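Accompanying notes for the structure given below.
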Amino acid sequence: MNGTTLGGRYELIEIVGEGGMSTVFKARDKILDRIVAVKILKDEFSKDKGFVEKFKTEALSAASISHPNIVNIYDVGQEQDVHYIVMEYVDGTTLKDIIRKRAPLPVEEAVNIAIMVCDGVHHAHEKGIIHRDIKPHNILITEQGMVKVADFGIARAVSAGTITYGNNIVGSVHYFSPEQARGEVINRTTDIYSIGCILYEMVTGKVPFDAESPITVALRHIHDDPPSPRLKNPEIPVALEGIIFRAMEKVPGRRFQTAQDMRNALLNISRASTIAGPERDVDKVKKRKLKPAGIALIAIALLGLLSGVMFMMGGNLFGKEVVVPDIVGMNMAQAEAELDKLCLVMNVIAKQNDPNVEKDLIISQDPGKDRKVKAGRQIDVVVSAGSEQVKVPNIVGVTVKEATTRLANKGLNLGTPQEVYDEKYEAGIIISQDPLADTNVDAGTNVAVVVSKGKSPNKISMPDLKGLSLTDATKKLQDNKLVLGQVSRQTSNNYFKDQVSNQDTAPGVLVDEGTTVNITLSNGPGPTTKTKRLRFELPDDQQYYNVVITVKDAQNERVVYNVMHRAGEEINVGINYTGTGTAQVQLNGEPSKTYSLP
C-alpha cells in the first residue's frame with residue numbers, strides 16, 4: 001500500500017510495525033505537512049462489522065485523551081473497506097527492544113520509565129479509558145528519554161465490560177492480569193498489574209511467568225506468586241520489590257488503586273534509594289498439598305531414618321541417657337543440629353515477640369542444659385519472633401500532625417519529612433509513605449513520608465538591578481513578585497554611592513516566584529570620568545547627514561552630539577563618559593556605528 005493516499009490526505013510511506021490486528025505505516029499528512037503514523041485494520045477484522053464498530057468507538061474514545069506520555073490520536077477514518085486510525089508519529093525504540101538488548105536495566109532508569117508510564121496511564125484512566133494491553137512492545141521511548149504509551153486506540157471505555165473479543169484473548173499473556181486470564185470484568189487496576197509485570201521484566205530481564213503454552217502462562221498468573229525479583233537481581237531495593245509485588249497482587253483490591261498511587265510510591269525510590277520498602281507477605285505464599293506418591297516417599301524415608309538410628313544406638317534406643325546441651329541463643333537450624341547429634345528432638349512450643357532477641361533464635365528450653373534425659377526425648381523450645389509486628393496505618397492525605405498521632409498509636413515513628421511540590425495535595429499534606437499502609441513492620445519502625453509543598457510556583461526571569469537605587473530596586477523586585485532580602489554595602493569603583501553594585505542571583509536566571517534576592521549597595525567612590533575621541537568619515541550617499549551620538553555609561557543614557565554635516569566630511573568629536581559604557585552613532589536616524597567605552 002506504499003504510496004496510497006487515504007482520505008485524500010494521508011500518503012502512506014512505509015510499514016513501521018505490525019501487530020495481531022493491524023499494520024502501522026509511516027505517512028505524511030499532506031494538509032498539515034507533517035509526519036504521522038497510520039494504523040490500518042487487517043482484512044480479517046475489517047470484514048467483521050461488529051468488530052469494526054468496536055474499533056471505531058474505542059478509537060474515538062481514545063482520541064479524547066492528550067498527554068505527553070501517550071501516543072496521541074489525531075483522526076479516525078475509512079476508505080472503502082480500509083479502516084484506519086491516524087496518530088502521532090514517535091521516532092523511537094520500543095521498550096521491548098531495549099529490554100532485549102540491555103536488561104536488566106539500572107534501577108533508576110527502570111523506575112523513571114515506570115513513573116512516566118504511570119503518568120500517561122493515570123491520565124487515560126481519569127478520562128474513563130482502560131488500556132487493557134499494556135506491554136513493552138507498545139511503550140515507545142525517544143532518544144531524549146521521553147516515554148509514550150501506544151495503542152490506546154484499541155482500548156475500551158471503563159463501562160465496556162470484559163476483555164475478550166469472540167473466542168480470542170486480546171493482549172499479551174505475559175502481562176495479563178489474573179482477572180483478564182479468567183475473562184472477568186476489569187477495572188483500572190488491570191493496567192496497574194501489567195505495569196508491575198513490565199517493571200519486573202525491566203529490572204530482572206525476565207517476565208514474571210513463562211511457559212511453553214500461553215494457557216499455562218495464563219494459569220500461572222491466576223495461581224502462582226511471582227518469584228522474588230531480588231533473587232534474580234540483588235541490586236533491586238527492597239522497597240522496589242515491595243512495589244512490584246503490590247502492583248501484581250492477585251486480588252485487584254489489594255493493588256495500588258490508581259496509577260498515580262503507584263507513581264508516587266516509585267517517586268520515593270528515585271528520591272531516596274536507601275528507604276526500606278515493604279517486604280513480601282510470606283503468609284500469602286500458597287501451600288502445596290502432597291500427593292499420595294509423595295507421602296509414600298516420605299514414609300519410606302522416615303523408616304530408613306529410624307532404622308539407621310536404631311543401628312547406631314546399638315539397640316539402646318529407649319534406654320541410653322544423654323546430657324541436654326545448651327541451645328539457648330542458637331538459631332533454629334543450629335539448635336536442631338546440636339540436638340540431633342544426641343538423638344534429641346526439638347519441639348517448638350511457641351514463638352513470641354522479644355525486641356532483645358533476634359528473630360528465629362532460641363529464647364528458652366525445657367529440659368534445661370546439663371539435665372540427663374533418655375535419648376529420643378523431646379526438647380521444648382520457645383523461639384523469638386523478633387520485635388512485635390504492627391500494621392502500618394494509612395497516613396497519605398493527612399497532615400504531619402495527624403500522621404504523627406496515628407503512627408504513635410501503633411507504636412511507630414514519623415521519619416524526617418521530605419518536601420516536594422505537588423499539583424494534587426495542598427501544602428502540609430502527606431502524599432506518600434514508606435512502608436506502605438497495611439504492611440507489617442517491627443514496632444518502633446520509622447515511617448518515611450513525602451509532604452506536599454503545594455503547587456509549583458511560577459518561574460520568574462531575574463531582573464537586572466545593578467545601577468538602581470534601593471527604592472527602585474525594591475519596586476522592581478515587587479513588580480516581578482520577588483522579595484528583597486539582605487542589603488549589604490561595599491566599596492565600588494563601578495557604581496556611585498547608594499547604587500546597587502551586586503545581586504546574589506544573576507539577571508536572566510529563572511527563579512521561583514517569591515524568591516528572596518540579596519543585594520549589595522555601593523559605598524563609592526564610584527566610577528571616574530574619562531574622555532574618548534571618536535573619528536570617522538561620513539558616507540556620500542546623501543547630501544547632508546544629521547549626526548547624533550548617544551552615550552550610555554554608569555550615569556545614564558544621553559545624547560552628547562547632534563549636528564548637521566555635509567556628505568564626506570570627517571567627524572572628530574571628543575566625548576566624556578563615566579565608568580564604562582558605549583557610544584552609538586546615528587546618521588539621519590539610522591544606527592551606523594557603536595564604540596566601546598572601556
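All values reported here derive from a predicted model rather than from experimental measurement. These values consider heavy atoms only, across backbone and side chains, with no hydrogens, waters or symmetry-generated copies.
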Handout entry: Donor-acceptor contact below 3.5 Å, side chain Thr445 vs main chain Val441
Key = no
Practice task
Find the distance between CG (Leu436) and CD1 (Ile243) and round it off to the nearest 0.5 Å.
Solution key: 6.5 Å
Problem - Thr258/Asp261 under side chain to side chain donor-acceptor pair (under 3.5 Å): CA gap, chis, key distance, verdict - result: CA-CA 5 Å; Thr258 69; Asp261 290 342; 3.2 Å; yes
Handout entry: Pair Asn494-Ser492, side chain to side chain donor-acceptor pair (under 3.5 Å): steps then yes or no
Key = CA-CA 5 Å; Asn494 297 320; Ser492 174; 4.9 Å; no
Problem - Non-hydrogen side-chain atoms of Ile195 and Met262 separated by less than 4.5 Å - result: yes
Handout entry: Pair Gln260-Lys424, side chain to side chain donor-acceptor pair (under 3.5 Å): steps then yes or no
Key = CA-CA 10 Å; Gln260 186 178 56; Lys424 178 180 177 182; 3.2 Å; yes
Problem - Glu423, CD atom: more than 12 neighbouring heavy atoms under 6.0 Å - result: yes
Handout entry: Reported CG-to-CD1 distance for the pair Asp191 and Ile198, which is rounded to 0.5 angstrom
Key = 9.5 Å
Handout entry: Heavy-atom side-chain proximity of Ile113 to Ile141 below 4.5 angstrom
Key = yes
Handout entry: Atom pair NE2 (His122) and CG (Asp119), whose distance is rounded to the nearest 0.5 Å
Key = 8.5 Å
Problem - Arg34 NZ/CZ over Tyr89 ring centroid, <6.0 Å and within 45° of normal - result: no
Handout entry: Donor-acceptor contact below 3.5 Å, side chain Glu569 vs main chain Arg566
Key = yes
Exercise for the section: Walk me through it: do Asp479 and Lys475 pass the test salt bridge (charged side-chain N to carboxylate O under 4.0 Å, His left out)? Expected result: CA-CA 6 Å; Asp479 291 344; Lys475 184 176 185 306; 3.1 Å; yes
Practice task
Using modelled atom types only, decide if a donor and an acceptor are shared between the side chain of Asn493 and the backbone of Pro525 within a distance under 3.5 Å.
Solution key: no
Problem - Carboxylate-amine/guanidinium proximity below 4.0 Å for Arg188 and Glu126 - result: yes
Handout entry: Under 3.5 Å: donor-acceptor pair, side chain of Asn409, backbone of Thr405
Key = yes
Problem - Of Asn112, Leu140, Ile139, the residue whose pairing with Val147 passes side-chain contact (heavy atoms from CB on, under 4.5 Å) - result: Ile139
Handout entry: Residues, nucleotides or ligands: over 12 heavy atoms within 6.0 Å of Lys96 NZ
Key = yes
Handout entry: Electrostatic pair Asp438-Arg254, nearest N-O below 4.0 angstrom
Key = no
Practice task
Start with the C-alpha distance between Asp133 and Lys135, add both sets of side-chain angles, then the distance that settles salt bridge (charged side-chain N to carboxylate O under 4.0 Å, His left out), and finish with yes or no.
Solution key: CA-CA 6 Å; Asp133 191 23; Lys135 54 188 176 182; 3.5 Å; yes
Handout entry: Residue pairs passing the side chain to side chain donor-acceptor pair (under 3.5 Å) test where at least one lies in residues 588-598, sequence neighbours excluded
Key = Gln542-Asn588
Practice task
Would you check, one step at a time, whether the test salt bridge (charged side-chain N to carboxylate O under 4.0 Å, His left out) holds for Asp498 with Arg489?
Solution key: CA-CA 9 Å; Asp498 296 330; Arg489 286 183 170 274; 2.8 Å; yes
Completion exercise
Between Met462 and Thr505 the two heavy atoms that sit nearest each other are CG-O, 3.5 Å
Practice task
Indicate yes or no for a side-chain donor-acceptor contact from Asn480 to the backbone of Lys476 under 3.5 Å, with no hydrogens or angles considered.
Solution key: yes
Exercise for the section: Measure from the side-chain N and O atoms of Asp422 to the backbone N and O of Tyr425, and report whether any donor-acceptor pair falls under 3.5 Å. Expected result: yes
Exercise for the section: Measure the spacing between CD of Gln499 and CD of Gln555 and express it to the nearest 0.5 Å. Expected result: 9.0 Å
Problem - More than 12 heavy atoms from other groups under 6.0 Å of NZ on Lys530 - result: yes
Practice task
Answer yes or no: is there an ion pair linking Glu235 with Arg230, defined by an N-O contact shorter than 4.0 Å?
Solution key: no
Fill in the blank from the handout: Closest heavy-atom pair, Val450 versus Val420, reported as atoms and distance to 0.1 Å, is CG1-CG2, 3.3 Å
Exercise for the section: Give a yes or no on whether Lys359 atom NZ has more than 12 heavy-atom contacts from other residues, nucleotides or ligands under 6.0 Å away. Expected result: no
Exercise for the section: Compare all side-chain heavy atoms of Val392 with those of Leu412 and state whether any distance is below 4.5 angstrom. Expected result: yes
Practice task
Report yes or no: is the cationic atom of Lys453 (NZ for Lys, CZ for Arg) under 6.0 Å from the centre of the six-membered ring of Tyr421, at an angle within 45° of the ring normal?
Solution key: yes
Exercise for the section: Indicate yes or no: does Arg102 engage Glu109 in a salt bridge with an N to O separation below 4.0 Å. Expected result: yes
Fill in the blank from the handout: Taking every heavy atom of Pro229 against every heavy atom of Ile236, the minimum-distance pair comes out as O-CD1, 3.4 Å
Problem - Mutual orientation of the aromatic rings belonging to Tyr175 and His137 [parallel < 30°, tilted 30-60°, perpendicular > 60°] - result: perpendicular
Practice task
Using atom types as modelled and distance alone, determine if a side-chain donor or acceptor of Glu557 lies under 3.5 Å from a backbone N or O of Asp553.
Solution key: no
Practice task
First locate atom CG of Leu482, then atom CG of Leu465, and finally report the distance between them rounded to the nearest 0.5 Å.
Solution key: 8.5 Å
Exercise for the section: Would you mind telling me which of Val551, Thr529, Thr531 makes a side-chain contact (heavy atoms from CB on, under 4.5 Å) with Tyr577? Expected result: Val551
Practice task
Find the distance between CG (Asp504) and CD (Gln486) and round it off to the nearest 0.5 Å.
Solution key: 9.0 Å
